[in-house]
Every structure is written in C-alpha cells, then in structure tokens.
Amino acid sequence: MRPVHPRARIIAVVAATFFLVGTGAIADEDKETKEAWRLFIADHTHPVVRAIDFSDGRELGRYNVKGHAALTASASGRTVFVAQSEADIVHVIKTGIDFSDHGEHRDLDVSDPALLPVSFEDKRPGHVVPHDDHVIVFYDLGGKADVIDEMALLKGEAEVRTVDTTKPHHGVAVAMGRHVLVSAPNAEVETTPNELPPRVGLRVIDENMRQVGEISKCTDLHGEATSARLVAFGCKEGVLVARPGGIDGPKIDILPYPPEFPKGYTGTLLGGKAMQFFLGNYGEDKVVLIDPDNEHPFRLIELPTRRIDFLVDPAMPRNAYILTEDGDLHVLDVVKGGIVRKAKITEPYSKDGHWRDPRPRLAVADGHIAITDPRHSLVRIVDAQTLKETRTIAVQGKPFSVVAVGGSGLAH
C-alpha cells in the first residue's frame, strides 16, 4: 500500500471533524453546550497534588500523597494516576470530567474531583501507560506490571491483571489488543544490589500470560508511544514499531536511524492523536519526527539549546510544542517538519544539575499551553496561536508535573 503523507491525513481529519460538528449542531441545537477544563499539578517539594479550575484558577481540591509525584491522565480523562516511585505507591484521582460518546455528539458531565479510595502498592512504580479503558503501571523493582481497569476504579474497586516482567528492571508495558508488549531485561548479566539490568528487547505476551515468539532486539529500550494503531519504542539501533497482527500477535519491525544522522538515539516518544506520527528526542538538543509508513521515516530537527519538555497538541494535530532551557517555547509544524515560530516565556532553566530538579512542564488546555514555572510559583497560560502569555495562575509551592483534562459537550 502506498504510504499516506501526513498532509493527507490532516485533510481527512478536518473533513471528519466538520461532518461531526455539522450533524451534531442540527440534531442537538436545542441542547446546551458546556465546556470544562481542569489542571492537575504536583508540587516539586511537598507530596501534594492540586486540582485547579482552568477558567478562573480556583483550587478545586488538594490531595496529600506520600512522595514526589509524576502525573499521567488516563485515555478517557476520567482519572489521573499519581505515581510516587520513592514511596512505592500509586494513587488515583477522579477528575470529575466525564464524556460519553453518542456518535453524532458527546455529552459532558462535570462533578467534583476526588482522591479515589483505591491505591496500588509495589516497589518503585515507574512508567504509567494509559490506553483505551485501562492503565498499565510498571514496577521497576517489583518484577511485575499491573493492567488496571478504569471503570472498576471509578466504582471504588480494583480490577487488576498482573504481567510478570521476568526480572526487576526499569521498563515499560503497553497493551495492544489482547496482547501486552513488555520490555525484556538481560537475564544473564550480574548486577549489584543497587543496580538494575539493562533492557535488551521487547517481549509479546498473550492473554494467557505466555510469551509469543522470540524477543525483538531493542538495546536500552526506553520511551514508548501509541499513534493510531501503532506502538513505538526507542532503542539504540532505531525505533521499534509494533503493528496489529491479528490472532498471531503484533508484527514488530525496527526502523534503523539513517546512517547520516549524528550519533544519538531516542529515549522519549510522543504519539500523534489525529494523525499517525511519532515525535521523539534525539539526544538533548534535537528532536526527530517519525512517519513509520514513509519510505524515509525520519526527519531530524535541531534545537538552539537543550530541550526541557515537549508535547503534541491533540486538538491542533499539526502542532507540537518544545520548551528549551533558554526559556523559549517553540512551535513545531509536524507536516512541514520544522519550527515555525517561537517566543520567550520563562527565565532560563538549565539542564545541568540533577535530572529531577524543578523545571517547567507543559500541558495543553482549551487552545492554550499551560507551563509550570516552579521558580515563581506560577502556571503561565500561553495562547497556542500567538504564543502570547494571556494570564498566570498562582500556585502555592513549586508547581511541577502537570496534566490537563477537559473539553466541550452537551449538557443534560
């Protein structure tokens, strides 16, 4: 099949969106449309997560947890997972934003956010991967990964399927249909008590928890993302891509880095939401666009300084945002394959020092980019089109990790 260029994918997405909006407006013109957005922000210094109303900056909830927190929103946006690797626990927050799809439109129900009564404990929870109606938590020192059903969580219950990761290691697990893709550690290498074995590849596990086929080579596997029906992983050799393969399990191929690329590799990946593409780092001062169906899948983009954080915009599918250590926010056009505009947003935040030092993080909400600025106890709200700072939200302490959930729907 001839590869589809990203620009063609954009046209298809825009056409589909116009159709849905048009028919929904006719069918439900007598119903009220409402919109709600919320930010969930973890403090860098204290074990606290706050829920913030995006429209006016009000604090809707404050949740005491047990340790330094990394936040991950579920695919539905109904829950936020609060992973505390040093405290060996994962808490879950109900966001109070609940969409239900009715084909030609979707309904939006808004309620108070709340810390759910269910938590998950094991040694050093690391990567948290949302997909469809579940979330997978990988425990680096626990030798397992938990596949957690989101609907059961919202009822105050824990419905969990456990995957054996063969040996403790800093890894990841991703669901793909009835199968689970799991990083594979080097089981033969000897390690010290404070050392974890390196990753050597990717295993495919079926619904009976049995390995399917051989381990696919992926040296130092790190970083994963899903786009359309594909899952990608960063490796020293290139980017490993898993494609649906029916009852026989996913089909896995490696996309080797082009020989003309400078020395480097990808260890963090993001997936396009309305288009099929991946965006990854390539070292600290470059990013790479990956179109797995293209004859030449990699496009390298150099940055002026090292990257602090980056993300893709689910609502404006050709936009990705990159904050660099000089305080500039860059807009990357993923179709053109280049930076199209930038603006100074924060003071410089150097990458030197500890990897977990307080530095800004990004989220997208309602056509804006929310940027935590821990040095000034602020969240800076920037218009995604103009890159102008429209307002700030004062947040006590040092706001750090941030996720945004929300959107618009019909009220009943």
Side-chain angles (χ1 to χ4, degrees), residues 36-99 109-130 134-139 146 148-160 356 358-365 370-374 377-379 381 392-407:
W37 286 90
R38 287 170 178 173
L39 301 177
F40 293 83
I41 302 169
D43 188 84
H44 184 274
T45 305
H46 302 289
V48 173
V49 179
R50 292 177 170 86
I52 304 291
D53 187 296
F54 180 74
S55 64
D56 58 15
R58 287 183 300 120
E59 185 174 292
L60 302 174
R62 183 183 306 183
Y63 313 106
N64 294 319
V65 291
K66 293 187 176 181
H68 187 280
L71 306 181
T72 304
S74 68
S76 71
R78 293 175 177 176
T79 54
V80 169
F81 281 67
V82 185
Q84 302 143 74
S85 60
E86 294 169 355
D88 297 335
I89 193 168
V90 179
H91 288 97
V92 186
I93 297 171
K94 183 193 76 168
T95 65
I97 303 292
D98 191 349
F99 291 101
D109 291 320
V110 180
S111 59
D112 293 335
L115 186 67
L116 292 174
V118 182
S119 60
F120 302 90
E121 298 187 44
D122 213 307
K123 295 179 180 179
R124 197 185 292 178
H127 285 282
V128 177
V129 180
H134 60 268
V135 173
I136 300 184
V137 177
F138 193 99
Y139 300 94
D146 283 340
I148 302 167
D149 182 88
E150 184 181 31
M151 289 306 296
L153 275 180
L154 292 167
K155 297 175 184 176
E157 304 168 358
E159 187 175 310
V160 178
R356 197 180 266 177
R359 301 181 181 96
R361 294 291 183 266
L362 311 180
V364 173
I371 306 175
T372 57
D373 192 345
S377 302
L378 292 174
V379 178
I381 308 302
T392 60
I393 298 174
V395 179
Q396 186 178 355
K398 292 183 178 181
F400 182 52
S401 180
V402 57
V403 296
V405 298

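Predicted, not measured: the structure shown is a model, and the values here were computed from it.
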Checklist outcome for this item: salt bridge (Lys or Arg N to Asp or Glu O under 4.0 Å) pairs touching residues 62-74, sequence neighbours excluded, are Glu59-Arg62

Distance-only donor-acceptor hits, side chain of residues 393-406, under 3.5 Å, sequence neighbours excluded:
unit_1: Ser401; atom_1: OG; unit_2: Leu71; atom_2: N; d: 3.3

Item to check | Tyr139 and Asp88: side chain donor to acceptor below 3.5 Å | outcome: no

Next on the checklist: Using the salt bridge (Lys or Arg N to Asp or Glu O under 4.0 Å) criterion, which residues pair with Asp112? Sequence neighbours excluded.
Outcome noted: none

Checklist outcome for this item: The salt bridge (Lys or Arg N to Asp or Glu O under 4.0 Å) partners of Arg356 (sequence neighbours excluded) come to Glu86

Next on the checklist: Ignoring hydrogens, what is the shortest heavy-atom contact between Pro130 and Ala75? Give both atom names and the distance.
Outcome noted: CB-N, 3.7 Å

Item to check | Reported CG-to-CG distance for the pair Asp98 and Leu154, which is rounded to 0.5 angstrom | outcome: 7.5 Å

Checklist entry - Does Asp53 reach the main-chain N or O of Ser55 with its side chain, forming a donor-acceptor pair under 3.5 Å? => result yes

Next on the checklist: Using side-chain heavy atoms (C-beta onward) and a distance below 4.5 Å, is Asp146 in contact with Ile136?
Outcome noted: no

Checklist entry - Can you check side-chain contact (heavy atoms from CB on, under 4.5 Å) on Thr72 and Val135, steps first, answer last? => result CA-CA 10 Å; Thr72 304; Val135 173; 5.9 Å; no

Checklist entry - Could you give the distance from OG1 (Thr372) to CG (Leu362), rounded to the nearest 0.5 Å? => result 7.5 Å

Checklist entry - What is the distance from atom CD of Glu157 to atom CG of Leu116, rounded to the nearest 0.5 Å? => result 11.5 Å

Checklist entry - side-chain hydrogen bond (donor to acceptor under 3.5 Å, both in side chains) with Gln84: which residues, sequence neighbours excluded? => result His91

Checklist entry - If you look at every heavy atom in Ala158 and Phe120, which pair is closest and at what distance? => result CB-CE2, 4.1 Å

Item to check | Test log, rule side-chain contact (heavy atoms from CB on, under 4.5 Å), inputs Ile381 and Phe54 | outcome: CA-CA 9 Å; Ile381 308 302; Phe54 180 74; 3.7 Å; yes

Checklist entry - Nearest 0.5 Å, what's the CZ-NZ distance between Arg78 and Lys94? => result 11.5 Å

Item to check | Side-chain donor/acceptor of Arg38 to backbone N/O of Thr95, under 3.5 Å | outcome: yes

Item to check | Check: Pro374 main-chain N/O paired with Arg359 side-chain donor or acceptor under 3.5 Å | outcome: no

Checklist outcome for this item: Sequence neighbours excluded, the answer for side-chain hydrogen bond (donor to acceptor under 3.5 Å, both in side chains) partners of Asp56 is Arg58

Item to check | Spatial distance of atom CD1 (Ile52) from atom CZ (Phe40) [nearest 0.5 Å] | outcome: 9.5 Å

Checklist entry - Do Leu153 and Phe81 pass the side-chain contact (heavy atoms from CB on, under 4.5 Å) test, and can you show the C-alpha distance, the side-chain angles, and the key distance before you say yes or no? => result CA-CA 11 Å; Leu153 275 180; Phe81 281 67; 3.5 Å; yes

Next on the checklist: Show the nearest heavy-atom pair for residues Pro125 and Ser85, with the distance to one decimal.
Outcome noted: O-CB, 3.2 Å

Checklist entry - Which of these passes side-chain contact (heavy atoms from CB on, under 4.5 Å) with Val160: Val118, Ile148, Asp149? => result Ile148

Item to check | Interatomic spacing from CZ in Arg50 to CG in Leu39 - rounded to 0.5 Å | outcome: 13.0 Å

Checklist outcome for this item: Correct closest heavy-atom pair for Trp37 and Gly407 would be CE2-N, 3.5 Å

Checklist entry - If you look at every heavy atom in Ala42 and Ala69, which pair is closest and at what distance? => result CB-O, 3.8 Å

